[in-house]
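Structure first, commentary second.
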Amino acid sequence: MKTAITELFGIEHPIIQGGMHYVGFAEMAAAVSNAGGLGLITGLTQRTPELLAKEIARCRDMTDRPFGVNLTFLPTFSAPPYPEYIAAIREGGVRIVETAGRSPEQYMPALKAGGIKVIHKCTSVRHSLKAEQIGCDAVSVDGFECGGHPGEDDMPNMILLPRAAEELKIPFVASGGMADARSLVAALAMGAAGMNMGTRFIATKEAPVHENVKKALVAASELDTRLVMRALRNTERVLNNKGVEHLLEIEREKGRSLKIDDIHDQVAGVYPRVMIDGDMDAGAWSCGMVVGLIHDIPTVKELIDRIMADAERLIRGRLTGFLDADSEANLKVA
């Protein structure tokens, strides 16, 4: 399948693996890239630029296909040395970067000087247009369904994606609620040139996370996520657990007076305890509503191959069948 995204990034399938803290290691990125998608190393999971450089080198040993690095500009307890991270990306020969969080505008000259193509994750049309204006090559349009930070507009993809298609000149991918061929075909129909999957890729054999995490995703339903930090205007969608329930109790008690320090223990340092140690009640970790569509733990290649085969079947069979008045078989599966 050829789209503006496959052409832009030189990949076989219009599927991108989103940047995920303590998931986007070299093993994950290489598995996705080797299966024809675009794998991403999560830059800030690596505690220093030097460690990121080593992770990039590890990934290059695992794949000869394009891969990228996610670099998230978000309020943190200690500001990372972003220029040094960008230098490590450039020196490592990576030519694709997914930026997220705050606008990457101040870092665009350094990224572009390295010949890097930038796809920025946006949760609104206005932010997407700003990304286009500052020179981003593409955007990942993130609907309210997504895991992690959905923004503050609460706009689902059924509205957000067509609106982005109406306004943008650069290509975009759909993010949030993406799990299978139905997601991809729907995203294409609404104007996207591909899709970004995060939560779905965690439930794969190659995902370098504790088995408890994968089992939790398979067991969960679409009703098992919660929104936290809304009062701080730093909303995050997470999988519910005992730590999250305690966090929500604190938020209710503090109300408008809530400060980040009040919930520090429920949000800081949680990812290693969950992803590495398998402590599923440790606290808040990002998970999308799409968890309700996760029913198995395939290899990355099995997942991507299944998506692409099913997408072709949906497009050629089901959708074109609706245009054929004589096709009773297609009407029966509607």
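- In this structure, D262 contributes its side chain and K259 its backbone to a donor-acceptor pair below 3.5 Å.
- Tested against M178 for a side chain to side chain contact (heavy atoms under 4.5 Å, CB included), the candidates V290, N157, I15 yield a single pass: N157.
- Counting only distance, with no hydrogens or angles, the side chain of N34 and the backbone of M62 share a donor-acceptor pair below 3.5 Å.
- A heavy-atom distance below 4.5 Å is found between the side chains of I307 and M195.
- Without hydrogens or angle criteria, S128 side chain to S124 main chain gives a donor-acceptor distance under 3.5 Å.
- Looking at D137, its side chain does come within 3.5 Å of a backbone N or O of V118 through a donor-acceptor pair.
- Note: the hydrophobic cluster containing V300 also contains V291 (ILVMFWY, side chain heavy atoms under 4.5 Å, direct or indirect links).
- Residues T6 and P14 approach most closely at CG2-N, 3.5 Å, considering heavy atoms.
- With salt bridges taken as basic N to acidic carboxylate O contacts below 4.0 Å, one links E105 and K130.
- Criterion: ILVMFWY side-chain heavy atoms under 4.5 Å apart, direct or through other members. Under it, F73 and I89 are part of a common hydrophobic cluster.
- Side chains of W285 and H21 form no contact here, defined as non-hydrogen atoms less than 4.5 Å apart.
- Among all heavy-atom pairs drawn from A216 and M280, the shortest one is CB-CE, 3.7 Å.
- Atom CZ of F25 and atom OG1 of T42 lie 8.0 Å apart (nearest 0.5 Å).
- Across every non-hydrogen atom of T45 and Y22, the tightest pair is OG1-N, 3.0 Å.
- Taking 4.5 Å as the limit, every side-chain heavy atom of H13 sits out of range of all side-chain heavy atoms of M1.
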Run the side chain to side chain contact (heavy atoms under 4.5 Å, CB included) test on I297 and E211 for me, step by step, so that the C-alpha distance in whole Å, both residues' side-chain angles and the decisive distance to 0.1 Å come before the verdict. CA-CA 10 Å; I297 306 173; E211 199 66 21; 4.2 Å; yes
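- The backbone N or O of A193 lies less than 3.5 Å from a partner atom in the side chain of T3, making a donor-acceptor pair.
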Between T99 and K121, does the side chain to side chain contact (heavy atoms under 4.5 Å, CB included) criterion hold? Intermediate values first, please. CA-CA 6 Å; T99 56; K121 183 166 283 192; over 6 Å; no
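- R60 places a side-chain N or O within donor-acceptor distance of the main-chain N or O of G92, the cut-off being under 3.5 Å.
- With respect to D310 and R316, no salt bridge is recorded, no charged nitrogen being found less than 4.0 Å from a carboxylate O.
- Under the 4.5 Å side-chain contact rule for hydrophobic residues, M197 and F9 do not share a cluster.
- Considering CD1 of I202 and CE of M20, their distance stands at 5.0 Å, rounded to 0.5 Å.
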Kindly determine whether Q17 and N196 satisfy side-chain hydrogen bond (donor to acceptor under 3.5 Å, both in side chains), including the steps that lead there. CA-CA 6 Å; Q17 165 241 320; N196 177 302; over 6 Å; no
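- Classification of R230 and D154 as a salt-bridged pair holds, one side-chain N sitting under 4.0 Å from a carboxylate O.
- Using a 4.0 Å cut-off between charged side-chain N and carboxylate O, D153 and R126 make a salt bridge.
- Checked by atom type, the side-chain pair E152/T235 shows a donor-acceptor distance below 3.5 Å.
- Of the charged side-chain nitrogens involved, none lies within less than 4.0 Å of a carboxylate oxygen, so that E245 and K242 do not count as a salt-bridged pair.
- For the pair E206 and K301, the salt-bridge criterion is not met [side-chain N within less than 4.0 Å of a carboxylate O].
- Ion pairing between R65 and E12 holds under the 4.0 Å rule for side-chain N and carboxylate O.
- A donor-acceptor contact shorter than 3.5 Å is absent between the side chain of E55 and the backbone of I41.
- Pairing each heavy atom of A311 with each of L184, the nearest pair is CB-CD2, 4.2 Å.
- The closest side-chain heavy-atom distance from L129 to V125 is below 4.5 Å.
- Distance alone, capped at 3.5 Å, places no donor-acceptor pair between the H210 side chain and the I276 backbone.
- Transitive grouping of hydrophobic side chains (ILVMFWY, heavy atoms separated by less than 4.5 Å) keeps I159 and V173 in distinct clusters.
- You'll find the side chain of T225 stays beyond 4.5 Å of the side chain of V238, heavy atoms only.
- Atoms OH and CG, from Y85 and L51 in turn, are 7.5 Å apart once rounded to the nearest 0.5 Å.
- The shortest non-hydrogen separation linking P66 to S33 is O-OG, 2.7 Å.
- Checking Y271 against S286 by side-chain atom types alone, a donor-acceptor pair falls below 3.5 Å.
- C122 is not listed as a side-chain neighbour of D142, based on a closest heavy-atom distance of 4.5 Å or more.
- To the nearest 0.5 Å, atom CD1 of residue I16 and atom CD1 of residue I5 are 5.0 Å apart.
- If you take CE on M289 and CZ on F144, they are separated by 7.5 Å, rounding to the nearest 0.5 Å.
- The local environment of CZ in R182 is sparse, with at most 12 non-hydrogen atoms from other residues, nucleotides or ligands closer than 6.0 Å.
- A salt bridge does not link R306 with E302: every distance from a Lys NZ or Arg NE/NH1/NH2 to an Asp or Glu carboxylate oxygen is 4.0 Å or more.
- By the 4.5 Å heavy-atom criterion applied to side chains, F67 and V32 are not counted as neighbours.
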Apply the test side chain to side chain contact (heavy atoms under 4.5 Å, CB included) to residues V218 and H295: give CA-CA distance (whole Å), side-chain angles for both, the deciding distance (0.1 Å), then the verdict. CA-CA 5 Å; V218 173; H295 308 303; 5.5 Å; no
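- Counting only distance, with no hydrogens or angles, the side chain of E27 and the backbone of P208 share no donor-acceptor pair below 3.5 Å.
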Salt bridge (Lys or Arg N to Asp or Glu O under 4.0 Å) between K205 and D296: does it pass, once the steps are laid out? CA-CA 10 Å; K205 294 192 185 306; D296 61 354; over 6 Å; no
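- For the pair M108 and C136, the minimum side-chain heavy-atom distance is below 4.5 Å.
- At least one donor-acceptor pair closer than 3.5 Å links the side chain of S257 to the backbone N or O of K254.
- Annotation: side-chain hydrogen bond (donor to acceptor under 3.5 Å, both in side chains) contacts involving residues 272-284, sequence neighbours excluded, are absent.
- Across every non-hydrogen atom of A284 and V267, the tightest pair is CB-CG1, 4.2 Å.
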May I have the step-by-step check of side chain to side chain contact (heavy atoms under 4.5 Å, CB included) for H149 and N234, ending in yes or no? CA-CA 7 Å; H149 299 275; N234 189 28; 3.3 Å; yes
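- Linking Ile, Leu, Val, Met, Phe, Trp and Tyr residues whenever their side-chain heavy atoms come within less than 4.5 Å leaves L227 and I263 in two separate clusters.
- Here the straight-line distance linking atom OG of S103 with atom CD of Q133 works out to 9.0 Å at 0.5 Å rounding.
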